[in-house]
Participant: 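Following this message is one structure expressed as C-alpha cells.
Just so you know, these numbers use all the heavy atoms, side chains as well, and skip hydrogens, waters and symmetry mates. This one's a predicted model, so the numbers in the text were calculated from it and none came from an experiment.
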Amino acid sequence: LNSYATALTLQEEFLGQATLAIGSDIYGNIVQVMDYRNLSIWVVGSNVMPCAKVLGMRQTVPIQYVEDYTRHLRPTIQTEIQNYNITGLKNIFKLPGYHNQLSFFAGSQDLIRRNIQLRPELLIKARSFLQEIRKRRGFDLIFIGFHIRRTDYEKRVMKNEHIALPGNLYYQSAMAYYRSCIRNPVFVACSDDISYAKQ
C-alpha cells in the first residue's frame with residue numbers, strides 16, 4: 001500500500017509531466033484486500049524493466065539517494081523531466097526504497113482515501129465482526145485498532161534499520177495507556193502473526 005500511495009502522490013504532483021505506475025506484483029497484493037474499481041494508477045508487467053534495458057531506456061536511481069527511502073523520489077523525477085525537455089529521450093526508472101514517511105503524503109490524503117478502499121465483502125465482514133463484539137460487550141465501547149506486523153518485516157527492519165521490532169512490553173504499555181484514559185476500550189489487533197498477537 002505504501003508503494004501505491006507513493007505512486008499516487010507523485011502522479012498527482014507531476015501530472016502531465018511524468019507517468020507513474022506500479023508493478024503487477026504490487027497490484028496483485030493490493031487487490032486481495034482493496035476494491036480494484038477505485039484504483040487509478042497504471043499497472044505494468046514484470047517484463048517492462050528488462051525490455052526497457054534492451055531498448056536502452058532503463059535508468060538506475062543515483063546510489064546516493066537509495067538508502068534514504070523517500071528523498072530520492074522527487075529529485076529523480078524532476079531531473080528526468082528536465083532531461084526529457086532538453087533531449088526528447090524517454091527513460092524508464094524503477095524507484096527503489098521503502099516509502100514510509102507519512103509527511104511524504106501531506107496534501108494527498110483525500111486522493112489516497114478515494115483510491116485505497118477495502119473490498120466491499122471484506123468491509124461487510126469487518127463491520128459484522130465489530131457488531132458481534134458490540135452485542136456481547138455492549139454498545140458503550142470504543143474500538144482501538146493496532147497493527148502488529150512481523151514475519152518478513154522483522155528481518156527487513158533489522159537488516160535495513162538495524163533495530164528490532166517492538167516487543168510485548170511496548171504493546172502492553174500502549175494498551176495500559178488507553179485503558180487509563182478511555183472508558184470501555186476494545187482492542188482490535190491486525191497481524192500477519194496471529195499466534196504472536198494473541199500473546
Participant: Hey, any chance Val188 and Ile144 share a hydrophobic cluster, counting ILVMFWY side chains that come within less than 4.5 Å of each other, even indirectly?
Facilitator: no

Participant: Taking atom CZ of Phe146 as the centre, report whether more than 12 heavy atoms of other residues, nucleotides or ligands fall under 6.0 Å from it.
Facilitator: yes

Participant: Counting distance only, does the side-chain N/O of Glu12 pair as donor-acceptor with the main-chain N or O of Leu10 below 3.5 Å?
Facilitator: no

Participant: Is Leu123 reachable from Val31 through a run of I, L, V, M, F, W or Y residues, each pair having side-chain heavy atoms under 4.5 Å apart?
Facilitator: yes

Participant: Output the distance between atom CZ (Arg149) and atom OH (Tyr196), rounded to the nearest 0.5 Å.
Facilitator: 15.0 Å

Participant: With a 4.5 Å limit on heavy-atom distance, are the side chains of Asn38 and Arg114 in contact?
Facilitator: no

Participant: How long is the gap from CZ on Phe104 to OG1 on Thr9, to the nearest 0.5 Å?
Facilitator: 6.0 Å

Participant: Rounded at 0.5 Å granularity, tell me how far CD1 in Ile112 sits from CD in Gln117.
Facilitator: 12.5 Å

Participant: Sub-3.5 Å donor-acceptor pair from the side chain of Thr6 to the main-chain atoms of Asn2, do we have one?
Facilitator: yes

Participant: So, do Ser24 and Val43 sit near enough that their side-chain heavy atoms are less than 4.5 Å apart?
Facilitator: yes

Participant: Indicate the atoms forming the closest heavy-atom contact of Phe143 with Leu130, along with that distance.
Facilitator: CZ-O, 3.5 Å

Participant: My understanding is that only residues two or more places apart in sequence, or in another chain, count here; which of them pass side chain to side chain donor-acceptor pair (under 3.5 Å) with Glu80?
Facilitator: Asn91

Participant: Heavy-atom distance under 4.5 Å between the side chains of Ile77 and Glu13, does that happen here?
Facilitator: no

Participant: Indicate the atoms forming the closest heavy-atom contact of His147 with Tyr171, along with that distance.
Facilitator: O-OH, 4.1 Å

Participant: Got a sec: does the OH of Tyr84 have more than 12 other heavy atoms crowding it under 6.0 Å?
Facilitator: no

Participant: To the closest 0.5 Å, what do you measure between CG (Leu118) and CD1 (Ile124)?
Facilitator: 11.0 Å

Participant: I'd like to know whether CZ of Phe129 has more than 12 heavy-atom contacts from other residues, nucleotides or ligands below 6.0 angstrom.
Facilitator: no

Participant: Starting from Val33, can I reach Ile30 by hopping between I/L/V/M/F/W/Y residues whose side chains sit under 4.5 Å apart?
Facilitator: yes

Participant: What's the spacing between Cys51 SG and Ile92 CD1 if we round to 0.5 Å?
Facilitator: 8.5 Å

Participant: Under a 3.5 Å cutoff, is there a donor and acceptor pairing between the side chains of Asp193 and Ser195?
Facilitator: yes

Participant: Would Leu20 and Ile81 show up in the same hydrophobic cluster when neighbours are defined by side-chain heavy atoms closer than 4.5 Å?
Facilitator: yes

Participant: Establish whether Trp42 and Leu8 are linked, either directly or via other cluster members, by ILVMFWY side-chain heavy-atom contacts under 4.5 Å.
Facilitator: no

Participant: Which residue pairs satisfy the side chain to side chain donor-acceptor pair (under 3.5 Å) criterion with at least one member in residues 174-192, sequence neighbours excluded?
Facilitator: Asp140-Arg183, Thr151-Asp192

Participant: To the nearest 0.5 Å, tell me how far Gln11 CD sits from Ile22 CD1.
Facilitator: 11.5 Å

Participant: Taking atom CZ of Arg134 as the centre, report whether more than 12 heavy atoms of other residues, nucleotides or ligands fall under 6.0 Å from it.
Facilitator: yes

Participant: Which pairs, with at least one residue in residues 25-36 and sequence neighbours excluded, count as a side chain to side chain donor-acceptor pair (under 3.5 Å)?
Facilitator: Asp35-Arg37

Participant: If we ignore hydrogens and angles and just use 3.5 Å, is the side chain of Tyr4 paired with the main-chain N or O of Ile41 as donor and acceptor?
Facilitator: yes

